[in-house]
There are 2 protein chains.
Amino acid sequence: MSLHYALLGMLASKPGTGYELTQRFDQSLRNAWHASHSQIYPELARLDEAGLIEVVEEGQRNSRTWGITAAGREDLRRWMTETDTDRRVRNETALRYFLFGLLEPADRRVALERERKHLEEADEEFRTVAAHLEALDGPTPFRPVVDLGQRLNAVFSAWVDERLADADEPPAS
Amino acid sequence: MSLHYALLGMLASKPGTGYELTQRFDQSLRNAWHASHSQIYPELARLDEAGLIEVVEEGQRNSRTWGITAAGREDLRRWMTETDTDRRVRNETALRYFLFGLLEPADRRVALERERKHLEEADEEFRTVAAHLEALDGPTPFRPVVDLGQRLNAVFSAWVDERLADADEPPAS
DNA sequence: GCCATCATGTAATTAGTTACATGATTAG
DNA sequence: CTAATCATGTAACTAATTACATGATGGC
């Protein structure tokens with residue numbers, strides 16, 4: 001059900017085509033939600049059917065730019081202020097961290113190195129994004145989330161570094 | 001596919017019944033993975049079929065305690081060391097944070113208050129868990145994750161507090 | 001005796017993934 | 001002219017949720 005509101009939210013912030021929304025999911029919402037185009041297009045059709053979004057522009061290559069309607073805005077507002085948050089998560093990264101303690105030291109070193117590498121890349125990417133945002137400073141209302149996701153990574157990073165340091169010692173069992 | 005490995009991991013750490021595993025998912029794995037009993041039981045049957053787990057004890061009330069087999073351990077080890085992590089997430093809390101900027105100040109105050117309350121409860125719960133773990137100190141290999149999940153909450157918390165402070169000001173648009 | 005909890009399942013539906021499929025435009 | 005990207009869809013399958021369903025045990 002949250003894809004419904006994720007899409008409304010994206011369109012409330014700025015109209016866009018299904019294609020653009022797919023990209024925004026992989027970029028800005030990367031640390032919050034994921035959806036592929038094959039899920040997005042049918043959902044857009046449903047939102048349209050319900051009168052929550054509408055075509056605001058027809059462009060090149062048969063593209064349609066969607067915008068949120070007043071009804072859509074109200075639906076989104078109500079969801080955000082009146083409904084409980086679904087706290088359930090499925091985070092494979094966290095799951096793997098949880099399981100690291102089960103591995104033999106040598107295997108754990110391999111698994112941790114993989115994570116360290118990912119964090120290094122994510123950190124580099126973040127610094128690029130952060131620099132970009134700093135240049136804009138203000139016009140983007142979505143800054144906190146990018147920041148947030150990366151701060152999480154910073155936490156993970158510290159934890160992984162700790163674990164890397166004593167990866168040669170056997171796990172406390 | 002990760003439920004497969006989440007279950008193997010749980011059983012590698014300690015055998016348990018489907019019922020117990022359901023509870024462990026809601027407790028220790030709360031910040032990493034979620035699965036309900038109606039998903040867990042069929043998956044256990046599949047793991048059994050594949051020879052990755054086995055019944056190690058039949059107890060009261062028709063309960064069966066499952067344990068991981070050598071093949072299961074190897075399957076888990078290979079997954080953890082040789083496969084890429086699926087980084088896709090669906091985190092409604094993060095999604096909502098992302099969308100806070102779209103609300104009018106008054107609505108945002110409502111939404112933020114809801115989050116603040118949740119964090120207060122989570123923090124209280126964490127302190128209980130932390131005290132418990134401190135008493136045990138050592139025998140539990142799963143300490144880091146509980147800690148990690150809550151550290152994340154601490155990050156969210158700081159961010160929310162900041163936002164609460166200036167929730168009366170209009171969003172930077 | 002009854003209620004809470006332990007314990008296990010299945011059925012119907014919705015959500016999400018992977019694979020298949022097609023056409024338009026632009027840059028080189 | 002051709003490869004990359006833009007742009008949109010559908011079909012088959014798997015994963016997950018919600019609802020339905022049942023029985024055992026223990027404490028009061």
Side-chain angles (χ1 to χ4, degrees), chain A residues 1-8 10-11 15-27 29-30 32-50 53 55-66 79 83-92 95, chain B residues 1-8 10-11 15-27 29-30 32-50 53-67 79 83-92 95:
Chain A
M1 200 52 188
S2 289
L3 174 60
H4 174 113
Y5 293 104
L7 284 171
L8 280 185
M10 297 295 258
L11 292 178
T17 65
Y19 186 84
E20 279 163 5
L21 287 165
T22 306
Q23 288 180 133
R24 284 161 75 186
F25 266 88
D26 286 343
Q27 287 157 21
L29 271 188
R30 190 176 61 258
W33 208 262
H34 174 266
S36 51
H37 82 273
S38 61
Q39 202 189 354
I40 288 171
Y41 285 110
E43 187 63 38
L44 284 174
R46 278 189 287 272
L47 291 170
D48 180 31
E49 183 97 16
I53 64 171
V55 174
V56 292
E57 194 194 320
E58 306 211 3
Q60 290 183 312
R61 310 180 198 197
N62 306 326
S63 75
R64 273 163 301 157
T65 301
W66 298 93
W79 179 71
T83 65
D84 282 339
T85 306
D86 185 345
R87 308 275 172 193
R88 288 174 300 195
V89 293
R90 265 183 216 97
N91 181 337
E92 194 180 304
L95 173 62
Chain B
M1 200 51 186
S2 290
L3 174 60
H4 174 113
Y5 293 104
L7 283 172
L8 280 185
M10 297 296 257
L11 293 178
T17 66
Y19 187 82
E20 280 163 4
L21 287 164
T22 306
Q23 287 179 133
R24 284 161 75 187
F25 266 87
D26 285 343
Q27 288 157 19
L29 272 187
R30 190 176 61 260
W33 208 261
H34 173 266
S36 51
H37 82 274
S38 60
Q39 203 190 354
I40 288 171
Y41 285 109
E43 187 64 38
L44 285 173
R46 278 189 287 271
L47 291 170
D48 179 32
E49 184 96 17
I53 62 171
E54 64 190 353
V55 174
V56 293
E57 195 194 319
E58 306 211 4
Q60 289 183 315
R61 310 180 199 195
N62 306 326
S63 75
R64 272 163 301 158
T65 301
W66 298 93
W79 180 71
T83 66
D84 281 340
T85 306
D86 184 347
R87 308 273 172 196
R88 288 176 299 194
V89 292
R90 263 183 218 99
N91 181 337
E92 194 181 304
L95 172 62

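Proteins come first, then strands; the chains are lettered A, B, ... in the order of their sequence lines, and each starts at number 1. Atoms considered below: every heavy atom in the structure, side chains included; atoms not considered: hydrogens, waters and symmetry mates.
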In whole angstroms, how far is the [atom2] atom of [N] from the [atom1] atom of [X]?
X     : N      : atom1 : atom2 : answer
B:Y19 : C:dA4  : OH    : C1'   : 9 Å
A:L3  : D:dA16 : CG    : C1'   : 15 Å
B:D26 : D:dT17 : CG    : C1'   : 14 Å
A:E92 : C:dT17 : CD    : P     : 13 Å
A:M1  : C:dT14 : CE    : C1'   : 11 Å
A:E20 : D:dA7  : CD    : P     : 6 Å
A:H34 : D:dA15 : NE2   : C1'   : 15 Å
A:L7  : C:dG16 : CG    : P     : 11 Å

To check you understand the geometry: which heavy-atom pair defines the closest contact between A:A35 and A:F25, and what is its length?
N-CD2, 4.0 Å

On DNA chain C, does the nearest nucleotide to B:D86 precede the nearest nucleotide to B:G18 from the 5' side, or the other way round? Give the residue.
B:G18

Walk me through whether A:H34 and A:D26 qualify under side chain to side chain contact (heavy atoms under 4.5 Å, CB included).
CA-CA 7 Å; A:H34 174 266; A:D26 286 343; 3.7 Å; yes

Ignoring backbone atoms, establish whether A:R46 has a side-chain N or O less than 4.0 Å from OP1 or OP2 of C:dT14.
no

May I have the step-by-step check of side chain to side chain contact (heavy atoms under 4.5 Å, CB included) for B:Y5 and B:L8, ending in yes or no?
CA-CA 5 Å; B:Y5 293 104; B:L8 280 185; 4.1 Å; yes

For nucleotides 23-28 of chain C, give me one character per nucleotide, 5' to 3': B if any protein heavy atom sits under 4.0 Å from the base, S if the only such contacts are to the sugar-phosphate, - if neither.
-BBS--

Heavy atoms only, 4.0 Å cut-off, all strands: where does A:R88 land among base, sugar-phosphate and nothing?
sugar-phosphate

Considering every strand and a 4.0 Å limit on heavy-atom distances, what is the contact class for A:S36: base, sugar-phosphate, or nothing?
base

Report the residues that fulfil side-chain contact (heavy atoms from CB on, under 4.5 Å) with [X], sequence neighbours left out, ordered by chain and then residue number.
X     : answer
A:D86 : A:R88, B:E92
B:E58 : B:V55, B:R64
A:D48 : A:I53, A:W66

For the helix from C:dG1-D:dC28 to C:dG28-D:dC1, what angle lies between the axis at the first five pairs and the axis at the last five pairs, to 10 degrees?
30°

Could you check if a side-chain atom of A:N91 sits within less than 4.5 angstrom of a side-chain atom of B:N91, using non-hydrogen atoms only?
no

Is there a side chain to side chain contact (heavy atoms under 4.5 Å, CB included) between A:L29 and B:L95 once you walk through the steps?
CA-CA 7 Å; A:L29 271 188; B:L95 172 62; 4.0 Å; yes

What N/O pairs connect the protein and nucleotides 9-12 of chain C at under 3.5 Å? Give each pair on its own line.
residue: C:dG9; atom: OP1; partner: B:R64; partner atom: NH2; Å: 2.6
residue: C:dG9; atom: OP2; partner: B:R64; partner atom: NH2; Å: 2.6
residue: C:dG9; atom: N7; partner: B:H37; partner atom: NE2; Å: 3.3
residue: C:dG9; atom: O6; partner: B:H37; partner atom: NE2; Å: 2.8

So which of B:L21, B:L47, B:V56 actually passes side-chain contact (heavy atoms from CB on, under 4.5 Å) with B:L11?
B:L21

Less than 4.0 angstrom from a charged side-chain N to a carboxylate O is my criterion; do A:R46 and A:E43 meet it?
yes

CA sep, side-chain torsions, deciding dist, call: A:Y19, A:S63, side chain to side chain contact (heavy atoms under 4.5 Å, CB included):
CA-CA 9 Å; A:Y19 186 84; A:S63 75; over 6 Å; no

